[in-house]
Amino acid sequence: MTQPGTSLPVDAPDKLDSGVLKIAGVVVLGAIMSILDVTVVSVALPTFMEVFDATYATVAWTMTGYTLALATVIPLTGWAADRFGTKRLYIAALILFVFGSVLCSFAWDITSLITFRVLQGLGGGMLMPLGMTIMTRAAGPERIGRVMAVLGVPMLLGPIGGPILGGWLLQAASWHWIFLINVPIGAIALIAAVVIFPKDNPTPSESFDFMGMLMLSPGLALFLFGVSSIPETGTVVATRVLLPAIAGFALIVAFVRHALRTEHPLIDLHLFRNRALTVAVLTTVLFMVAFMGAGLLFPSYFLQIRGESTLAAGLLLAPQGLGAMLTMPIAGTFADRMGPGKIVLVGMVFITAGMAVFTQVGADTSYAVLLGGLFVMGMGLGATMMPIMTAALQTLNDHTIARGSTLMNIVQQTAGSIGTAVMSVVLTSQMKNVVNATSPADALDISAGAFGTTFMVALVLIVLTFIPAYFLPRKKIAPLEGADTPKAVLLH
(Lines give C-alpha, C1' and ligand atoms only; values in the text may rest on other atoms or scores of the structure.)
Protein backbone atom coordinates (compact mmCIF):
# COMPACT_ATOMS: atom_id res chain seq x y z
CA MET A 1 0.00 0.00 0.00
CA THR A 2 1.35 3.43 -0.91
CA GLN A 3 0.62 7.00 0.01
CA PRO A 4 -1.69 8.73 -2.47
CA GLY A 5 0.25 10.53 -5.19
CA THR A 6 3.59 8.94 -4.22
CA SER A 7 5.48 5.72 -4.59
CA LEU A 8 6.33 5.62 -0.89
CA PRO A 9 4.76 3.13 1.50
CA VAL A 10 2.42 4.31 4.22
CA ASP A 11 4.93 3.20 6.84
CA ALA A 12 7.71 5.18 5.16
CA PRO A 13 10.96 5.25 7.16
CA ASP A 14 11.60 8.07 9.61
CA LYS A 15 14.70 9.34 7.76
CA LEU A 16 14.62 10.88 4.30
CA ASP A 17 15.42 8.06 1.87
CA SER A 18 17.29 8.42 -1.41
CA GLY A 19 14.07 8.75 -3.43
CA VAL A 20 12.87 11.75 -1.42
CA LEU A 21 16.35 13.30 -1.45
CA LYS A 22 16.51 13.04 -5.26
CA ILE A 23 13.14 14.79 -5.54
CA ALA A 24 14.37 17.41 -3.07
CA GLY A 25 17.48 18.00 -5.20
CA VAL A 26 15.38 18.77 -8.28
CA VAL A 27 13.07 21.09 -6.34
CA VAL A 28 16.01 22.94 -4.76
CA LEU A 29 17.54 23.56 -8.21
CA GLY A 30 14.34 25.16 -9.46
CA ALA A 31 13.81 27.16 -6.27
CA ILE A 32 17.38 28.46 -6.31
CA MET A 33 16.89 29.84 -9.83
CA SER A 34 13.62 31.54 -8.93
CA ILE A 35 14.83 33.11 -5.68
CA LEU A 36 18.33 33.99 -6.91
CA ASP A 37 16.85 35.94 -9.78
CA VAL A 38 15.32 38.43 -7.35
CA THR A 39 18.59 39.34 -5.62
CA VAL A 40 20.93 38.91 -8.60
CA VAL A 41 18.97 41.46 -10.63
CA SER A 42 18.94 43.94 -7.72
CA VAL A 43 22.73 44.17 -8.04
CA ALA A 44 22.46 44.95 -11.76
CA LEU A 45 20.08 47.94 -11.47
CA PRO A 46 22.87 50.55 -11.78
CA THR A 47 24.14 48.69 -14.86
CA PHE A 48 20.67 48.75 -16.43
CA MET A 49 20.47 52.50 -15.80
CA GLU A 50 23.72 53.00 -17.71
CA VAL A 51 23.13 50.51 -20.54
CA PHE A 52 19.53 51.48 -21.28
CA ASP A 53 19.87 55.17 -20.33
CA ALA A 54 16.95 54.92 -17.88
CA THR A 55 16.15 56.32 -14.45
CA TYR A 56 16.30 54.22 -11.28
CA ALA A 57 12.50 54.41 -10.94
CA THR A 58 12.20 52.84 -14.40
CA VAL A 59 14.79 50.07 -14.05
CA ALA A 60 13.34 49.16 -10.64
CA TRP A 61 10.40 47.73 -12.59
CA THR A 62 12.66 44.84 -13.61
CA MET A 63 12.29 43.84 -9.94
CA THR A 64 8.70 44.97 -9.34
CA GLY A 65 7.38 43.40 -12.56
CA TYR A 66 8.93 40.05 -11.64
CA THR A 67 7.44 40.22 -8.12
CA LEU A 68 3.97 41.14 -9.41
CA ALA A 69 4.09 38.25 -11.89
CA LEU A 70 4.96 35.88 -9.04
CA ALA A 71 2.00 37.11 -6.98
CA THR A 72 -0.37 36.90 -9.93
CA VAL A 73 0.38 33.31 -10.92
CA ILE A 74 0.67 31.73 -7.45
CA PRO A 75 -3.14 31.61 -6.85
CA LEU A 76 -3.59 29.56 -10.04
CA THR A 77 -0.99 27.00 -9.04
CA GLY A 78 -3.08 25.00 -6.57
CA TRP A 79 -5.95 24.41 -9.01
CA ALA A 80 -3.63 23.77 -11.95
CA ALA A 81 -1.62 21.25 -9.92
CA ASP A 82 -4.81 19.29 -9.18
CA ARG A 83 -6.05 19.60 -12.76
CA PHE A 84 -2.91 18.82 -14.78
CA GLY A 85 -0.61 17.17 -12.25
CA THR A 86 2.32 18.63 -10.35
CA LYS A 87 5.03 17.01 -12.50
CA ARG A 88 3.69 18.32 -15.81
CA LEU A 89 3.05 21.78 -14.41
CA TYR A 90 6.49 21.95 -12.79
CA ILE A 91 8.16 21.04 -16.09
CA ALA A 92 6.06 23.65 -17.91
CA ALA A 93 6.99 26.28 -15.29
CA LEU A 94 10.70 25.43 -15.67
CA ILE A 95 10.51 25.78 -19.47
CA LEU A 96 8.68 29.12 -19.18
CA PHE A 97 11.20 30.42 -16.64
CA VAL A 98 14.24 29.44 -18.72
CA PHE A 99 12.63 30.76 -21.92
CA GLY A 100 11.95 34.07 -20.15
CA SER A 101 15.56 34.14 -18.94
CA VAL A 102 16.89 33.74 -22.50
CA LEU A 103 14.59 36.50 -23.75
CA CYS A 104 15.82 38.79 -20.94
CA SER A 105 19.40 38.33 -22.10
CA PHE A 106 18.39 39.54 -25.59
CA ALA A 107 16.49 42.62 -24.34
CA TRP A 108 17.15 45.68 -26.56
CA ASP A 109 15.68 48.35 -24.28
CA ILE A 110 14.32 48.69 -20.76
CA THR A 111 10.70 48.12 -21.85
CA SER A 112 11.52 44.76 -23.45
CA LEU A 113 13.55 43.73 -20.39
CA ILE A 114 10.66 44.52 -18.04
CA THR A 115 8.25 42.60 -20.32
CA PHE A 116 10.50 39.53 -20.41
CA ARG A 117 10.99 39.72 -16.63
CA VAL A 118 7.21 39.48 -16.21
CA LEU A 119 7.19 36.38 -18.43
CA GLN A 120 10.06 34.94 -16.38
CA GLY A 121 8.14 35.65 -13.17
CA LEU A 122 5.07 33.76 -14.42
CA GLY A 123 7.21 30.62 -14.57
CA GLY A 124 9.18 31.36 -11.42
CA GLY A 125 6.06 31.97 -9.37
CA MET A 126 4.90 28.39 -9.85
CA LEU A 127 8.21 26.70 -9.04
CA MET A 128 8.21 27.19 -5.25
CA PRO A 129 4.62 26.15 -4.38
CA LEU A 130 4.76 23.24 -6.84
CA GLY A 131 8.11 22.07 -5.49
CA MET A 132 6.78 22.28 -1.95
CA THR A 133 3.73 20.22 -2.90
CA ILE A 134 5.78 17.54 -4.66
CA MET A 135 8.20 17.21 -1.73
CA THR A 136 5.57 17.07 1.01
CA ARG A 137 3.58 14.45 -0.88
CA ALA A 138 6.69 12.33 -1.41
CA ALA A 139 7.84 12.51 2.21
CA GLY A 140 4.46 12.24 3.96
CA PRO A 141 3.29 14.22 7.02
CA GLU A 142 5.69 12.48 9.42
CA ARG A 143 8.76 13.92 7.65
CA ILE A 144 7.59 17.36 6.52
CA GLY A 145 9.93 19.10 9.00
CA ARG A 146 13.02 17.55 7.44
CA VAL A 147 11.70 18.20 3.95
CA MET A 148 11.10 21.87 4.79
CA ALA A 149 14.67 22.07 6.12
CA VAL A 150 15.96 20.94 2.71
CA LEU A 151 13.68 23.40 0.91
CA GLY A 152 14.94 26.18 3.17
CA VAL A 153 18.40 26.00 1.58
CA PRO A 154 17.51 28.02 -1.55
CA MET A 155 15.53 30.51 0.55
CA LEU A 156 18.78 31.23 2.39
CA LEU A 157 21.12 31.04 -0.59
CA GLY A 158 19.03 33.53 -2.58
CA PRO A 159 19.49 36.64 -0.41
CA ILE A 160 23.09 35.71 0.46
CA GLY A 161 24.38 34.26 -2.81
CA GLY A 162 22.52 36.67 -5.10
CA PRO A 163 24.68 39.75 -4.48
CA ILE A 164 27.85 37.63 -4.63
CA LEU A 165 26.91 35.90 -7.88
CA GLY A 166 25.52 39.07 -9.44
CA GLY A 167 28.58 41.11 -8.54
CA TRP A 168 30.94 38.46 -9.90
CA LEU A 169 29.04 38.00 -13.20
CA LEU A 170 28.87 41.75 -13.79
CA GLN A 171 32.61 42.08 -13.19
CA ALA A 172 33.76 38.93 -15.01
CA ALA A 173 31.33 38.88 -17.96
CA SER A 174 28.33 41.12 -18.72
CA TRP A 175 24.78 41.76 -17.52
CA HIS A 176 23.45 39.22 -20.04
CA TRP A 177 24.93 36.38 -17.98
CA ILE A 178 22.83 37.07 -14.89
CA PHE A 179 20.00 35.63 -17.02
CA LEU A 180 21.88 33.16 -19.22
CA ILE A 181 23.24 31.34 -16.18
CA ASN A 182 19.71 29.99 -15.69
CA VAL A 183 19.94 28.03 -18.96
CA PRO A 184 22.39 25.27 -17.86
CA ILE A 185 20.86 25.08 -14.37
CA GLY A 186 17.36 24.93 -15.87
CA ALA A 187 18.37 22.25 -18.37
CA ILE A 188 19.73 20.03 -15.59
CA ALA A 189 16.61 20.61 -13.47
CA LEU A 190 14.35 19.85 -16.45
CA ILE A 191 16.03 16.53 -17.27
CA ALA A 192 16.09 15.55 -13.60
CA ALA A 193 12.39 16.42 -13.17
CA VAL A 194 11.40 14.25 -16.13
CA VAL A 195 13.40 11.29 -14.81
CA ILE A 196 12.99 11.57 -11.03
CA PHE A 197 9.57 13.04 -10.25
CA PRO A 198 6.81 10.46 -9.63
CA LYS A 199 4.13 9.98 -12.24
CA ASP A 200 1.22 12.41 -12.06
CA ASN A 201 -2.19 11.43 -10.75
CA PRO A 202 -4.27 14.53 -11.55
CA THR A 203 -7.85 14.95 -10.34
CA PRO A 204 -9.62 16.88 -13.12
CA SER A 205 -13.06 16.72 -11.53
CA GLU A 206 -12.99 20.21 -9.95
CA SER A 207 -14.15 23.11 -12.11
CA PHE A 208 -11.92 26.14 -12.56
CA ASP A 209 -12.90 29.17 -10.48
CA PHE A 210 -12.69 31.72 -13.31
CA MET A 211 -14.54 34.40 -11.33
CA GLY A 212 -12.15 33.94 -8.41
CA MET A 213 -9.17 34.31 -10.72
CA LEU A 214 -10.56 37.60 -12.07
CA MET A 215 -10.72 38.88 -8.50
CA LEU A 216 -7.66 37.47 -6.73
CA SER A 217 -4.85 37.65 -9.31
CA PRO A 218 -5.49 41.28 -10.35
CA GLY A 219 -6.27 42.13 -6.72
CA LEU A 220 -2.90 40.87 -5.51
CA ALA A 221 -1.08 42.54 -8.40
CA LEU A 222 -2.76 45.92 -7.83
CA PHE A 223 -2.30 45.78 -4.05
CA LEU A 224 1.40 44.89 -4.30
CA PHE A 225 1.90 47.52 -7.02
CA GLY A 226 0.55 50.17 -4.68
CA VAL A 227 2.62 48.94 -1.74
CA SER A 228 5.76 48.66 -3.91
CA SER A 229 5.32 52.29 -5.00
CA ILE A 230 5.58 53.62 -1.42
CA PRO A 231 9.40 53.85 -1.32
CA GLU A 232 9.46 55.66 -4.68
CA THR A 233 6.75 58.19 -3.80
CA GLY A 234 7.92 58.56 -0.19
CA THR A 235 4.36 58.63 1.18
CA VAL A 236 1.37 56.33 1.57
CA VAL A 237 -1.10 59.02 0.52
CA ALA A 238 0.20 59.40 -3.04
CA THR A 239 -2.36 58.65 -5.77
CA ARG A 240 -0.02 56.09 -7.29
CA VAL A 241 -0.06 54.22 -3.96
CA LEU A 242 -3.64 54.65 -2.78
CA LEU A 243 -5.64 53.98 -5.97
CA PRO A 244 -4.11 50.61 -6.90
CA ALA A 245 -3.77 49.51 -3.27
CA ILE A 246 -7.42 50.28 -2.44
CA ALA A 247 -8.67 48.75 -5.69
CA GLY A 248 -6.55 45.66 -5.09
CA PHE A 249 -7.69 45.33 -1.48
CA ALA A 250 -11.35 45.65 -2.58
CA LEU A 251 -10.86 42.85 -5.12
CA ILE A 252 -9.20 40.64 -2.49
CA VAL A 253 -12.11 41.26 -0.08
CA ALA A 254 -14.57 40.44 -2.88
CA PHE A 255 -12.65 37.23 -3.52
CA VAL A 256 -12.87 36.26 0.16
CA ARG A 257 -16.67 36.61 0.08
CA HIS A 258 -16.82 34.70 -3.19
CA ALA A 259 -14.50 31.91 -2.00
CA LEU A 260 -16.54 31.26 1.14
CA ARG A 261 -19.67 30.68 -1.00
CA THR A 262 -18.09 28.63 -3.80
CA GLU A 263 -17.69 24.86 -3.74
CA HIS A 264 -14.28 24.84 -5.47
CA PRO A 265 -12.67 28.28 -5.02
CA LEU A 266 -9.30 29.23 -6.47
CA ILE A 267 -7.88 29.36 -2.92
CA ASP A 268 -9.66 27.21 -0.36
CA LEU A 269 -10.26 29.57 2.58
CA HIS A 270 -11.91 26.76 4.48
CA LEU A 271 -8.35 25.65 5.24
CA PHE A 272 -8.43 28.30 7.97
CA ARG A 273 -10.66 25.95 9.95
CA ASN A 274 -7.37 24.18 10.59
CA ARG A 275 -6.05 25.82 13.77
CA ALA A 276 -2.40 24.97 13.13
CA LEU A 277 -2.48 26.48 9.64
CA THR A 278 -4.25 29.64 10.86
CA VAL A 279 -1.68 30.25 13.60
CA ALA A 280 1.15 29.50 11.14
CA VAL A 281 -0.25 32.10 8.70
CA LEU A 282 -0.43 34.78 11.44
CA THR A 283 3.13 33.97 12.52
CA THR A 284 4.34 34.06 8.92
CA VAL A 285 2.80 37.47 8.25
CA LEU A 286 4.50 39.18 11.20
CA PHE A 287 7.77 37.32 10.69
CA MET A 288 8.04 38.03 6.95
CA VAL A 289 7.17 41.73 7.34
CA ALA A 290 9.90 42.09 9.98
CA PHE A 291 12.65 39.85 8.67
CA MET A 292 12.30 40.26 4.89
CA GLY A 293 12.01 44.03 5.28
CA ALA A 294 15.11 44.22 7.46
CA GLY A 295 16.95 41.61 5.41
CA LEU A 296 17.20 43.92 2.39
CA LEU A 297 18.77 46.61 4.59
CA PHE A 298 21.78 44.56 5.68
CA PRO A 299 23.61 44.85 2.32
CA SER A 300 22.52 48.49 2.02
CA TYR A 301 24.22 49.27 5.35
CA PHE A 302 27.50 47.74 4.18
CA LEU A 303 27.27 49.51 0.80
CA GLN A 304 26.15 52.97 1.91
CA ILE A 305 27.64 53.35 5.39
CA ARG A 306 30.76 51.20 5.24
CA GLY A 307 31.59 51.84 1.58
CA GLU A 308 31.96 48.17 0.68
CA SER A 309 31.72 46.86 -2.89
CA THR A 310 28.71 44.78 -3.96
CA LEU A 311 30.78 41.61 -3.91
CA ALA A 312 32.20 42.37 -0.46
CA ALA A 313 28.74 43.24 0.90
CA GLY A 314 27.46 39.86 -0.31
CA LEU A 315 30.37 38.04 1.31
CA LEU A 316 29.83 39.88 4.61
CA LEU A 317 26.31 38.40 4.74
CA ALA A 318 27.68 34.85 4.57
CA PRO A 319 27.69 34.30 8.39
CA GLN A 320 23.90 34.51 8.35
CA GLY A 321 23.71 31.66 5.86
CA LEU A 322 26.27 29.61 7.77
CA GLY A 323 24.31 30.00 10.99
CA ALA A 324 21.09 28.94 9.30
CA MET A 325 22.67 25.92 7.64
CA LEU A 326 23.96 24.83 11.05
CA THR A 327 20.55 24.81 12.72
CA MET A 328 18.15 24.08 9.87
CA PRO A 329 18.66 20.26 9.63
CA ILE A 330 18.49 19.95 13.42
CA ALA A 331 15.35 22.09 13.60
CA GLY A 332 13.68 20.07 10.84
CA THR A 333 14.28 16.79 12.70
CA PHE A 334 13.03 18.13 16.04
CA ALA A 335 9.99 19.75 14.40
CA ASP A 336 8.92 16.31 13.15
CA ARG A 337 9.53 14.63 16.51
CA MET A 338 8.09 17.14 18.99
CA GLY A 339 6.10 19.62 16.91
CA PRO A 340 7.40 22.89 15.48
CA GLY A 341 6.17 25.24 18.24
CA LYS A 342 9.06 24.82 20.68
CA ILE A 343 11.67 25.01 17.89
CA VAL A 344 10.21 28.26 16.50
CA LEU A 345 10.22 29.94 19.93
CA VAL A 346 13.89 29.07 20.45
CA GLY A 347 14.71 30.35 16.96
CA MET A 348 12.85 33.59 17.65
CA VAL A 349 15.04 34.21 20.72
CA PHE A 350 18.17 33.96 18.54
CA ILE A 351 16.70 36.28 15.89
CA THR A 352 15.73 38.82 18.54
CA ALA A 353 19.26 38.78 19.97
CA GLY A 354 20.85 39.15 16.53
CA MET A 355 18.51 41.95 15.44
CA ALA A 356 19.16 43.80 18.71
CA VAL A 357 22.83 44.09 17.69
CA PHE A 358 21.85 45.97 14.53
CA THR A 359 19.67 48.46 16.39
CA GLN A 360 22.93 49.88 17.76
CA VAL A 361 24.87 50.15 14.48
CA GLY A 362 27.07 53.16 13.87
CA ALA A 363 29.43 54.31 11.16
CA ASP A 364 32.33 52.38 12.68
CA THR A 365 30.72 49.46 14.54
CA SER A 366 33.13 46.52 14.81
CA TYR A 367 32.80 43.99 12.00
CA ALA A 368 33.27 41.22 14.56
CA VAL A 369 30.14 42.41 16.38
CA LEU A 370 28.13 42.77 13.14
CA LEU A 371 29.15 39.39 11.73
CA GLY A 372 28.48 37.76 15.10
CA GLY A 373 25.01 39.30 15.11
CA LEU A 374 24.36 37.98 11.60
CA PHE A 375 25.54 34.49 12.60
CA VAL A 376 23.25 34.40 15.65
CA MET A 377 20.37 35.72 13.56
CA GLY A 378 21.05 33.04 10.95
CA MET A 379 20.92 30.33 13.60
CA GLY A 380 17.51 31.64 14.59
CA LEU A 381 16.36 31.82 10.99
CA GLY A 382 17.27 28.17 10.44
CA ALA A 383 15.09 27.20 13.38
CA THR A 384 12.18 29.46 12.46
CA MET A 385 11.23 29.92 8.82
CA MET A 386 10.73 26.34 7.65
CA PRO A 387 9.36 24.98 10.98
CA ILE A 388 6.58 27.59 10.64
CA MET A 389 5.85 26.16 7.19
CA THR A 390 5.95 22.68 8.71
CA ALA A 391 3.29 23.73 11.24
CA ALA A 392 1.03 24.77 8.37
CA LEU A 393 1.47 21.74 6.10
CA GLN A 394 1.96 18.93 8.63
CA THR A 395 -1.76 18.77 9.36
CA LEU A 396 -2.97 18.65 5.74
CA ASN A 397 -3.88 15.59 3.76
CA ASP A 398 -2.63 14.70 0.28
CA HIS A 399 -5.44 16.55 -1.51
CA THR A 400 -5.13 19.81 0.44
CA ILE A 401 -1.31 20.06 0.43
CA ALA A 402 -1.27 21.80 -2.97
CA ARG A 403 -3.84 24.36 -1.81
CA GLY A 404 -2.09 24.84 1.54
CA SER A 405 1.37 25.39 0.04
CA THR A 406 -0.15 27.83 -2.48
CA LEU A 407 -1.83 29.77 0.35
CA MET A 408 1.41 29.94 2.37
CA ASN A 409 3.38 31.16 -0.66
CA ILE A 410 0.83 33.95 -1.29
CA VAL A 411 1.11 34.98 2.36
CA GLN A 412 4.92 34.96 2.23
CA GLN A 413 5.06 36.95 -1.01
CA THR A 414 2.56 39.57 0.14
CA ALA A 415 4.00 39.98 3.65
CA GLY A 416 7.55 40.17 2.26
CA SER A 417 6.54 42.94 -0.15
CA ILE A 418 4.79 44.86 2.63
CA GLY A 419 7.84 44.48 4.87
CA THR A 420 10.18 45.77 2.17
CA ALA A 421 7.97 48.82 1.61
CA VAL A 422 7.55 49.55 5.33
CA MET A 423 11.28 49.37 6.13
CA SER A 424 12.17 51.41 3.03
CA VAL A 425 9.76 54.18 4.07
CA VAL A 426 11.06 54.19 7.66
CA LEU A 427 14.67 54.38 6.44
CA THR A 428 13.88 57.11 3.90
CA SER A 429 12.10 59.24 6.49
CA GLN A 430 15.03 58.88 8.90
CA MET A 431 17.55 59.74 6.17
CA LYS A 432 15.92 63.18 5.73
CA ASN A 433 17.77 64.26 8.88
CA VAL A 434 21.04 64.09 6.93
CA VAL A 435 20.37 67.63 5.61
CA ASN A 436 21.03 68.90 9.14
CA ALA A 437 24.55 67.44 9.17
CA THR A 438 27.40 69.87 9.79
CA SER A 439 30.12 67.74 8.18
CA PRO A 440 30.56 64.57 6.06
CA ALA A 441 31.41 62.60 9.20
CA ASP A 442 28.27 63.90 10.91
CA ALA A 443 26.20 62.96 7.84
CA LEU A 444 27.61 59.43 7.99
CA ASP A 445 26.74 59.13 11.69
CA ILE A 446 23.17 60.35 11.05
CA SER A 447 22.79 57.87 8.17
CA ALA A 448 24.02 55.02 10.35
CA GLY A 449 21.55 56.09 13.04
CA ALA A 450 18.76 55.95 10.45
CA PHE A 451 19.60 52.30 9.83
CA GLY A 452 19.64 51.64 13.59
CA THR A 453 16.17 53.16 14.00
CA THR A 454 14.81 51.11 11.12
CA PHE A 455 16.25 47.91 12.61
CA MET A 456 14.52 48.87 15.88
CA VAL A 457 11.15 48.84 14.07
CA ALA A 458 12.00 45.37 12.75
CA LEU A 459 12.95 44.25 16.27
CA VAL A 460 9.58 45.37 17.66
CA LEU A 461 7.78 43.36 14.95
CA ILE A 462 9.96 40.32 15.69
CA VAL A 463 9.01 40.54 19.39
CA LEU A 464 5.31 40.75 18.42
CA THR A 465 5.76 37.54 16.40
CA PHE A 466 6.22 35.67 19.70
CA ILE A 467 2.47 36.04 20.35
CA PRO A 468 1.14 33.86 17.50
CA ALA A 469 4.28 31.67 17.60
CA TYR A 470 3.40 30.70 21.19
CA PHE A 471 0.26 28.95 19.88
CA LEU A 472 2.03 26.83 17.24
CA PRO A 473 1.74 23.03 17.81
CA ARG A 474 4.20 21.84 20.47
CA LYS A 475 3.52 18.16 20.08
CA LYS A 476 3.97 15.72 17.24
CA ILE A 477 0.74 15.63 15.25
CA ALA A 478 -0.59 12.15 14.56
CA PRO A 479 -3.17 11.90 11.78
CA LEU A 480 -6.38 10.01 12.49
CA GLU A 481 -6.36 6.76 10.57
CA GLY A 482 -8.45 7.10 7.46
CA ALA A 483 -9.31 10.69 8.21
CA ASP A 484 -8.59 13.71 6.10
CA THR A 485 -7.65 16.03 8.94
CA PRO A 486 -5.39 15.25 11.92
CA LYS A 487 -6.73 15.07 15.42
CA ALA A 488 -7.17 18.21 17.49
CA VAL A 489 -6.44 20.75 14.80
CA LEU A 490 -9.91 21.78 13.62
CA LEU A 491 -11.61 24.85 15.02
CA HIS A 492 -15.15 24.07 16.07
Side-chain angles (χ1 to χ4, degrees), residues 152 155-156 159 227 230 236 275-298 300-301 317 319-320 323-324 327-328 331 334-335 339-362 365 369-392 408 411-430 448-474:
M155 298 185 75
L156 294 171
V227 169
I230 294 174
V236 295
R275 180 181 180 275
L277 183 137
T278 302
V279 172
V281 166
L282 293 174
T283 307
T284 298
V285 168
L286 280 172
F287 179 77
M288 292 297 286
V289 169
F291 194 84
M292 292 304 291
L296 291 178
L297 299 183
F298 296 136
S300 296
Y301 168 78
L317 295 175
Q320 190 178 55
T327 57
M328 191 171 280
F334 278 101
K342 296 176 183 177
I343 308 301
V344 171
L345 288 174
V346 172
M348 294 294 299
V349 171
F350 279 91
I351 291 177
T352 302
M355 190 70 75
V357 170
F358 278 83
T359 63
Q360 306 302 312
V361 290
T365 304
V369 172
L370 295 177
L371 298 184
L374 284 171
F375 181 76
V376 170
M377 205 180 307
M379 291 178 67
L381 182 63
T384 302
M385 184 179 290
M386 301 321 287
I388 293 174
M389 187 70 75
T390 299
M408 289 301 291
V411 169
Q412 284 184 341
Q413 186 68 42
T414 305
S417 297
I418 292 172
T420 301
V422 168
M423 298 306 166
S424 296
V425 169
V426 173
L427 181 64
T428 302
S429 65
Q430 292 296 311
F451 275 92
T453 301
T454 309
F455 286 126
M456 181 62 76
V457 174
L459 178 63
V460 171
L461 290 172
I462 287 291
V463 171
L464 289 175
T465 308
F466 276 95
I467 298 173
Y470 178 81
F471 296 98
L472 289 170
R474 299 192 203 176

For residues 341-349, which side-chain N or O atoms pair as donor and acceptor with protein atoms under 3.5 Å away, sequence neighbours left out?
none

Any chance you could lay out the side-chain contact (heavy atoms from CB on, under 4.5 Å) test for Ile351 and Phe287, step after step, and finish with the verdict?
-> CA-CA 10 Å; Ile351 291 177; Phe287 179 77; 3.4 Å; yes
Can you tell me how far the CZ atom of Phe291 sits from the CG atom of Leu381, to the nearest 0.5 Å?
-> 4.5 Å
Name every donor-acceptor pair, under 3.5 Å, that has one atom in a side chain of residues 455-469 and the other anywhere in the protein, sequence neighbours excluded.
unit_1, atom_1, unit_2, atom_2, d
Thr465, OG1, Leu461, O, 2.8
Thr465, OG1, Ile462, O, 3.4

So, for [X] and [Y], which heavy atoms are closest and what is the spacing to 0.1 Å?
X: Ala383; Y: Ala331; result: CA-CB, 3.6 Å
X: Met288; Y: Ala415; result: CB-CB, 3.7 Å
X: Ala450; Y: Gln430; result: CB-CB, 3.4 Å
X: Met377; Y: Met355; result: CE-N, 3.4 Å
X: Thr327; Y: Gly378; result: OG1-O, 4.1 Å
X: Ala280; Y: Met408; result: O-CE, 4.3 Å

Assess whether atom CZ of Phe350 is packed by more than 12 heavy atoms of other residues, nucleotides or ligands within 6.0 Å.
-> no
What's the verdict on side-chain contact (heavy atoms from CB on, under 4.5 Å) for Gln360 and Thr365, showing C-alpha distance, side-chain angles and the deciding distance?
-> CA-CA 8 Å; Gln360 306 302 312; Thr365 304; over 6 Å; no
Residue set satisfying side chain to side chain contact (heavy atoms under 4.5 Å, CB included) with Phe471, at least two apart, ordered chain then number -> Arg275, Val279
Report the C-alpha distance between Phe358 and Leu297 in whole Å, list the side-chain angles of each, state the deciding distance to 0.1 Å, and finish with yes or no for side-chain contact (heavy atoms from CB on, under 4.5 Å).
-> CA-CA 10 Å; Phe358 278 83; Leu297 299 183; over 6 Å; no
